[in-house]
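Before any comments, here is the structure.
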Number of protein chains: 2
Amino acid sequence: MLASTSRATQKDIAARTGVGRSTVSLILTGRGDELRIPQATQKKVYQAAEKLEYRPNSLASGLVGKRTQTIGLLFPSSFFFPQNLLPQGISLRLNRQEYQTYLVDSLNDVGVIRDALLEMASRRVDGVVLYTTRHLLKPEIRDLLNKFPVAILMSHEPLPRESLRSHMIFENIASGVDEVVDHLVKTGRRRPMMLVNQSPGNTCRLAAFKNALRRHGLDSSDDAAVFGIPRCAAGMYDYFAYFMEHFESQRLEDREFDALFCTSDEGASAAIRYLKKRGIHVPQDIAVVGTNNAPWTQAIEPPLASISWRHVDASELVVKRLRERLDAPDLAPGCDELPTRFIWRESGG
Amino acid sequence: MLASTSRATQKDIAARTGVGRSTVSLILTGRGDELRIPQATQKKVYQAAEKLEYRPNSLASGLVGKRTQTIGLLFPSSFFFPQNLLPQGISLRLNRQEYQTYLVDSLNDVGVIRDALLEMASRRVDGVVLYTTRHLLKPEIRDLLNKFPVAILMSHEPLPRESLRSHMIFENIASGVDEVVDHLVKTGRRRPMMLVNQSPGNTCRLAAFKNALRRHGLDSSDDAAVFGIPRCAAGMYDYFAYFMEHFESQRLEDREFDALFCTSDEGASAAIRYLKKRGIHVPQDIAVVGTNNAPWTQAIEPPLASISWRHVDASELVVKRLRERLDAPDLAPGCDELPTRFIWRESGG
DNA sequence: TTGAAAGCGCTAACAA
DNA sequence: TTGTTAGCGCTTTCAA
């Protein structure tokens, strides 16, 4: 009745065919031809396997072999929400290549990341992909990462390598932010402000934004350039309502600004709606730019300018690097960079 | 250097402490007190485990034990896209209960589902959750499901039980569709049409829609009530553009209808935009209703009415049922129903 | 209370 | 070309 109870093993096949157990193993792992085992023997074994509905026990082969055909994926919550094709793309590609994936939500928490990595190690994954920010990459996490046969480290900010042997893939958010600010300045905005959801993942975006302001000689003080709202709870779903509440309670309309750059499209679309209600015109009075470039940004009024990630390229790259390193674990660690881009639409002015 | 190479085993702990290997196992699995093993011995073992950075090998314990603490999750592509909290919610809850999950995209394909289930069986998962439609639930899939210690079957349409031993969880889409049509008729619409993305998952929604029309004595023929567009490719990302193209090429504005019910919010928002461009007013001329109730439905103009799933409740329920059955695999199979609901917003008229 | 021994299903030497 | 043997790391009798 239990799956484990009902299954035939190589031993059963051996008994049934009169072929030795290790020969069965060799044939079933596809090395029959290589070792010149007669077709007749091979056929017998394959037929018996089929008849007995033989299925290899991955736990057993993983225990004794060197590969478990398993990859651990560790991503922050934001990747489980709209428009983030990264873990899904990686997973789909790996599935097609006979790998299974453990997908875990890191919740942007060092403890969760540590525990998950330990768990992955217990399960003898062949590799891990960790998407993280600089501040979560504590020494203890670095040490753990180095213990895996292969590890890919992803981030939207540059990460200090130090002793890390992992390959890095860097989705450069700063490049998109730069383009946004350049555009705003070029079209005459003098007081761009950033809407910052105070999660640690946003510190580097904020830094990029302030940098860009300074580059243009604009006021980058918190007072002038930041509209902060608290980090939202894990499992939060209705971002839109959440933003609206905070605009209301912190009276967004009283701030002096002529452009608003937001760390999400949800925040940006909520801002547009809120400003409209207050009689402020977008983009005439205030330009608004989001982040993530969700498909529905085209559906709102005015269509929302945004920053576009290259998650599809990234997922392809992750799998490519993973495979390379699975085949050659001692490959020197490298770093790939994928810049983000500003996508203009009417709300950007 | 490899994770597997570097790890200490129970044998090492036994050697170091002079305690027997099986005693180490007993202590480490938390049965020390139960078997009245002296605190001193237990402490020695725990300390050695810590010093040696001992981590159990899940493959080994899975091989010999009866549990692998692993659950397989098999969901169609649509769940990997915006606003679908179901696999993520399940996964997060299970992670908190010491389970890891394999998440696989079923791609709405029987072959993929079969292979994935076989793979899960190979990996000796303790249970599977399969979200499927009636037409994908072939006898071969049913047989496979019955081989798992516990299986939860989810769907948005009722599924014939027949010989299936799985517990079922049924997110009733028809109830929401009924509410939509009732609302449209009550507000004076006589020619509601449905925008149908021709994927097999939508046949039951279409049936529910036509049923509801008939109930109100309205024309439910394909000619009058269906605007079909081809199934979109796997990995399709920009739904919005895809819909817009098809509205254009199939001249949506030439059809005679006064309400449009869509199988996604993306489709509905694209329709609103398209109709506006053609000088048609929403909801005055045509009412529009979406499906999924994405947070951004509040951001578009007019705000989009939609059907809301209860994915958060569902994920909780899945995990509850899973746990129950993991603890008592012979529990009689049951069925839970979670109705969907119509959420009114201005676009609904 | 603890230890010895068997075995889960598989792979990989090494012989034959 | 095939079979024998020895584990992988763990849990679980069964004795002591």
Side-chain angles (χ1 to χ4, degrees), chain A residues 2-45 48-49 52-70 121-124 126, chain B residues 2-45 48-49 52-70 121-124 126:
Chain A
L2 297 189
S4 44
T5 317
S6 69
R7 307 228 79 100
T9 68
Q10 290 186 356
K11 194 168 153 189
D12 300 322
I13 298 179
R16 208 188 160 92
T17 55
V19 174
R21 293 172 53 173
S22 57
T23 312
V24 171
S25 169
L26 292 172
I27 293 174
L28 258 22
T29 44
R31 289 187 295 165
D33 289 335
E34 177 193 328
L35 293 168
R36 277 178 264 170
I37 296 172
Q39 294 304 321
T41 315
Q42 295 201 36
K43 200 170 166 192
K44 245 189 337 191
V45 166
L52 295 172
E53 296 191 318
Y54 170 75
R55 288 256 92 208
N57 181 325
S58 315
L59 297 174
S61 43
L63 180 58
V64 65
K66 37 209 59 46
R67 290 263 168 277
T68 55
Q69 299 292 116
T70 314
S122 275
R123 290 174 182 254
R124 300 295 187 265
D126 296 332
Chain B
L2 299 189
S4 44
T5 317
S6 69
R7 307 228 79 100
T9 69
Q10 290 187 359
K11 195 169 152 187
D12 299 323
I13 298 179
R16 208 188 159 91
T17 55
V19 174
R21 292 172 55 173
S22 55
T23 312
V24 171
S25 170
L26 293 172
I27 293 173
L28 257 21
T29 45
R31 290 189 295 165
D33 289 336
E34 176 193 329
L35 293 168
R36 277 178 264 171
I37 296 172
Q39 294 305 321
T41 314
Q42 295 202 35
K43 198 170 165 192
K44 239 186 345 186
V45 167
L52 295 171
E53 295 192 321
Y54 169 76
R55 292 254 89 208
N57 181 327
S58 314
L59 297 174
S61 43
L63 180 58
V64 64
K66 37 209 60 46
R67 291 261 169 277
T68 55
Q69 298 292 115
T70 314
S122 273
R123 289 174 183 255
R124 301 295 186 267
D126 296 333

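In the text below, chain A, chain B and the rest are named by the order of the sequence lines, each starting its count at 1. From a predicted model like this one, the values you see are computed outputs, not experimental measurements.
- Shown here for A:Arg123 and A:Thr68, the closest heavy-atom pair between the two residues is O-CG2, 4.3 Å.
- With DNA chain C read from its 5' end, the first of the two nearest nucleotides for B:Arg36 and A:Arg55 is the one closest to B:Arg36.
- For DNA chain C, the residues of residues 9-19 of chain A within the heavy-atom distance limit of 4.0 Å (strictly under) are A:Thr9, A:Gln10, sorted by number.
- With B:Ser122 contributing its side chain and A:Arg55 its backbone, the two residues share no donor-acceptor pair below 3.5 Å.
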Which pairs, protein N/O on one side and nucleotides 12-16 of chain C N/O on the other, fall under 3.5 Å?
unit_1: C:dA12; atom_1: OP1; unit_2: A:Lys66; atom_2: NZ; d: 3.3
unit_1: C:dA12; atom_1: OP2; unit_2: A:Arg31; atom_2: NH2; d: 3.3

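- Separating the CD atom of B:Glu34 from the P atom of D:dT12 is a distance of 11 Å, rounded to the nearest angstrom.
- Contacts of A:Asn57 classified as side chain to side chain donor-acceptor pair (under 3.5 Å), with partners at least two apart in sequence or in another chain: none.
- Partners of A:Ser25 according to the side-chain contact (heavy atoms from CB on, under 4.5 Å) rule, which considers only residues two or more places apart in sequence or in another chain, are A:Gln10.
- For the atom pair CG of B:Leu26 and CD1 of B:Ile37, the computed distance is 5.5 Å after rounding to the nearest 0.5 Å.
- Counting to the nearest Å, the C1' atom of D:dC10 and the CG atom of A:Asn57 are 14 Å from each other.
- As rounded to whole Å, 10 Å separates atom P of C:dT2 from atom CG of B:Leu35.
- Under the side chain to side chain donor-acceptor pair (under 3.5 Å) criterion, A:Gln42 pairs with A:Asp33, sequence neighbours left out.
- At whole-Å resolution of the value, CZ in A:Arg124 and P in C:dG9 are 20 Å apart.
- Going from atom CZ of B:Arg67 over to atom C1' of D:dT12 covers 17 Å, rounded to whole Å.
- Protein atom NZ of A:Lys44 is 8 Å distant from nucleotide atom P of D:dT2, rounded to whole Å.
- Inter-axis angle, ends of the helix from C:dT1-D:dA16 to C:dA16-D:dT1, five pairs per end, rounded to 10 degrees: 40°.
- The CZ atom of A:Arg123 sits 14 Å away from the P atom of D:dC10 (whole-angstrom rounding).
- Listed by chain and number, the residues in a side chain to side chain donor-acceptor pair (under 3.5 Å) with B:Glu34 amount to none (sequence neighbours excluded).
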Which pairs would a plain distance check flag for residues 13-23 of chain B, meaning a side-chain donor or acceptor within less than 3.5 Å of a matching protein atom at least two apart in sequence or in another chain?
unit_1: B:Thr17; atom_1: OG1; unit_2: B:Ile13; atom_2: O; d: 2.7
unit_1: B:Thr17; atom_1: OG1; unit_2: B:Ala14; atom_2: O; d: 3.4
unit_1: B:Thr17; atom_1: OG1; unit_2: B:Val19; atom_2: N; d: 3.3

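- Minimum interatomic distance between A:Asp126 and A:Gln69 (heavy atoms only, all atoms of both residues): OD2-N, 2.7 Å.
- Using a 4.0 Å heavy-atom criterion, one finds that B:Leu63 contacts the bases of the nucleic acid, with or without backbone contacts as well.
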